[in-house]
Amino acid sequence: MLPHPADPAEVLRGAFLSALDAVSPARLLAPHLGGPRPEFILAVGKASVPMAHAALNAYAGVPTLVVTPHGTASASQDSASEAWSRVEVIAASHPVPDAGSVRAGRAALERLGSLRAGQRALVLLSGGGSALLCAPRGVTLAQKQALTGELLRCGADITEINTVRKHLSAVKGGGLALATRARVRTLVLSDVVGDPLDMIASGPTVPDPTTFADALAVLNRYGLAAPEARAYFLSGAPDTPETLPDSAATVIGGNRHLLEAAREALTAQGVPTLILGDTFTGEARALAEFHASVIRSVQEHGTPAPRPVALLSGGEATVTLGPDAGRGGRNLEFALALLTELGGTPAGLRGVHVLSAGSDGVDGSSDAAGAVLHPDSLDRARALGLDPRGYLRRHDTHPFFDALGDLLRTGPTGHNVGDVRAILIE
């Protein structure tokens with residue numbers, strides 16, 4: 001049992017929320033603000049609203065453009081302030097761009113392009129920026145929307161998706177920095193495994209090591225037709241910039257920060273905690289198989305740690321969807337796959353509690369951050385006549401956990417530093 005009476009599921013929820021607070025954009029930005037005052041601030045991504053607020057506290061009155069997902073423009077209680085009323089806010093779509101994304105891309109290029117040599121621009125980036133900031137090159141918006149949808153469904157990872165998106169954009173892959181004479185300083189919250197600056201939000205202000213040939217290789221790998229994109233990649237048009245002398249970027253926070261904050265919160269509750277890693281990628285079902293094997297090892301052999309223990313892992317899984325896929329996301333897929341894996345073992349879910357959630361509060365096409373598994377989850381599902389394997393086969397994970405009442409709903413959090421999987425074994 002736990003060292004003191006407590007609901008293990010609530011311990012996990014509390015640790016998740018505590019970790020989100022510990023890695024809030026304002027906390028992570030604070031040490032990096034100060035110094036020369038910029039002439040312009042651009043904030044793009046799922047954390048753009050709190051990042052912009054933090055920057056404006058340090059640089060009051062600086063002209064600011066904020067690009068944020070629909071429904072999050074007023075996510076901060078300070079968004080009705082007089083200072084915020086002077087900020088230009090453009091709402092756009094994620095994960096597939098829309099007309100708002102194009103308007104945002106055009107505005108960002110124009111605002112940065114109007115700056116003079118010697119002036120300074122501060123760019124605040126967070127995950128989701130690839131879809132929110134869009135300036136189609138070589139294709140139309142409709143063609144880019146269709147291709148983005150295909151890439152999301154076929155199981156391509158974020159690096160592959162952004163490799164294609166960068167080479168069909170005038171703003172990604174260093175295009176934004178290339179459009180200005182100003183000095184550009186970029187502060188980045190990472191949602192990509194390994195924190196590669198050229199992949200987070202598709203690297204609008206950093207040099208791009210990928211090429212048209214790399215983008216074409218992704219299309220070939222997944223058998224995507226995309227005739228307009230292919231024609232553009234082979235057209236001989238100028239590729240993305242390999243160098244940008246007046247642009248510097250720094251990652252100020254990422255998934256490791258989130259996991260370490262969760263470990264601190266769990267340790268404070270008296271739960272021994274082990275971080276398995278923050279670089280997990282691949283299919284959600286494969287990750288569930290791996291985590292099930294680790295759980296069994298703890299249950300049967302006390303390795304890699306004896307009970308009680310909490311196991312944490314991060315990174316970002318993928319889900320390959322069929323044409324008739326239901327509603328869900330990678331964290332819900334992981335949770336349901338783990339439930340089916342453990343359900344077939346002698347120990348099963350006995351004494352096992354699991355939380356799998358995205359730090360942004362939105363998992364795929366669901367309205368939840370993820371889900372929580374309890375020792376009796378499988379029994380309750382059977383009592384309701386729910387077939388876990390059937391829901392998993394259809395990738396229809398949201399209705400399954402909704403019926404159980406085990407969805408984890410936070411709403412958009414203003415964060416985007418990857419996922420957290422927390423497994424507490426009593």
Side-chain angles (χ1 to χ4, degrees), residues 38-45 48 51 65 67 92 97 101-102 104-139 144 147-148 151 157-192 194-218 229 232-252 254:
E39 278 75 27
F40 174 64
I41 297 172
L42 170 66
V44 181
S48 60
M51 290 181 86
L65 170 63
V67 183
S101 308
V102 174
R106 187 181 303 117
L109 288 168
E110 290 176 355
R111 297 284 290 270
L112 276 164
S114 68
L115 298 177
R116 302 185 303 275
Q119 290 188 309
R120 293 178 172 85
L122 175 62
V123 178
L124 308 171
L125 284 183
S126 53
S130 295
L132 298 173
L133 204 62
C134 183
R137 184 174 66 157
V139 294
K144 194 163 189 179
L147 179 53
T148 300
L151 288 164
D157 62 31
I158 192 62
T159 297
E160 294 169 319
I161 294 171
N162 285 356
T163 295
V164 173
R165 291 199 279 202
K166 283 193 288 188
H167 292 90
L168 295 172
S169 174
V171 69
K172 301 176 179 63
L176 187 62
L178 200 64
T180 185
R181 294 168 293 172
R183 296 176 182 174
V184 179
R185 181 186 181 213
T186 306
L187 299 177
V188 183
L189 289 179
S190 173
D191 67 331
V192 181
D195 304 334
L197 283 165
D198 66 294
M199 288 297 169
I200 304 163
S202 294
T205 62
V206 298
D208 184 19
T210 69
T211 64
F212 283 137
D214 295 320
L216 189 60
V218 173
Y232 183 68
F233 294 155
L234 297 170
S235 68
D239 213 328
T240 47
E242 297 180 0
T243 59
L244 290 166
D246 291 326
S247 186
T250 304
V251 173
I252 63 169

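The model shown is predicted, which means the values in this text are computed figures rather than measured ones.
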Dump the intermediate steps for side-chain contact (heavy atoms from CB on, under 4.5 Å) on V139 and Y232, then the final yes or no. CA-CA 8 Å; V139 294; Y232 183 68; 5.5 Å; no
Calculate, to the nearest 0.5 Å, the distance between atoms CZ and OG1 belonging to R120 and T180 respectively. 13.0 Å
Distance-only, no hydrogens or angles: does the S48 side chain make a donor-acceptor pair with backbone N or O of V67 under 3.5 Å? yes
Test side-chain contact (heavy atoms from CB on, under 4.5 Å) on I200 and V251 and set out the steps. CA-CA 10 Å; I200 304 163; V251 173; 4.3 Å; yes
Smallest separation among heavy atoms of L109 and A179, with atom names: CD2-CB, 3.8 Å
Hey, which of S101, P204, S202, P97 is the one that makes side-chain contact (heavy atoms from CB on, under 4.5 Å) with S130? S202
Once you round to the nearest 0.5 Å, how far does CG of D198 lie from OG1 of T163? 7.5 Å
Run the numbers on E160 and L151 for side-chain contact (heavy atoms from CB on, under 4.5 Å), then give the verdict. CA-CA 8 Å; E160 294 169 319; L151 288 164; 6.0 Å; no
Grab the two heavy atoms, one from C134 and one from K144, that are nearest each other, plus how far apart they are. SG-CD, 4.2 Å
Shortest non-hydrogen separation from A215 to H167 and the atoms involved: CB-ND1, 4.0 Å
So, for A237 and F212, which heavy atoms are closest and what is the spacing to 0.1 Å? O-CE1, 3.2 Å
When rounded to the nearest 0.5 angstrom, what is the spacing between CG in L197 and OG1 in T186? 8.5 Å
Heavy-atom count check: over 12 atoms from other residues, nucleotides or ligands less than 6.0 Å from R111 CZ? yes
Passing candidate, side-chain contact (heavy atoms from CB on, under 4.5 Å) with T205, options L42, L176, L112: L176
For L115 against F40, the heavy-atom pair lying closest together: CD1-CB, 4.1 Å
L133 CG to L65 CG distance, which is reported to the nearest 0.5 Å: 8.5 Å
Any side-chain heavy-atom pair of D191 and S126 under 4.5 Å: no
For the atom pair CG (L178) and CG (L244), what is the distance rounded to the nearest 0.5 Å? 6.0 Å
For G174, is there any backbone N or O sitting under 3.5 Å from a side-chain donor or acceptor partner on K166? no
Over all atoms of both residues, closest heavy-atom pair of L187 and M51: O-CE, 3.9 Å
Is the shortest side-chain heavy-atom distance between M199 and I158 below 4.5 Å? no
Does the side chain of D246 come within less than 4.5 Å of V184's, by heavy atoms? no
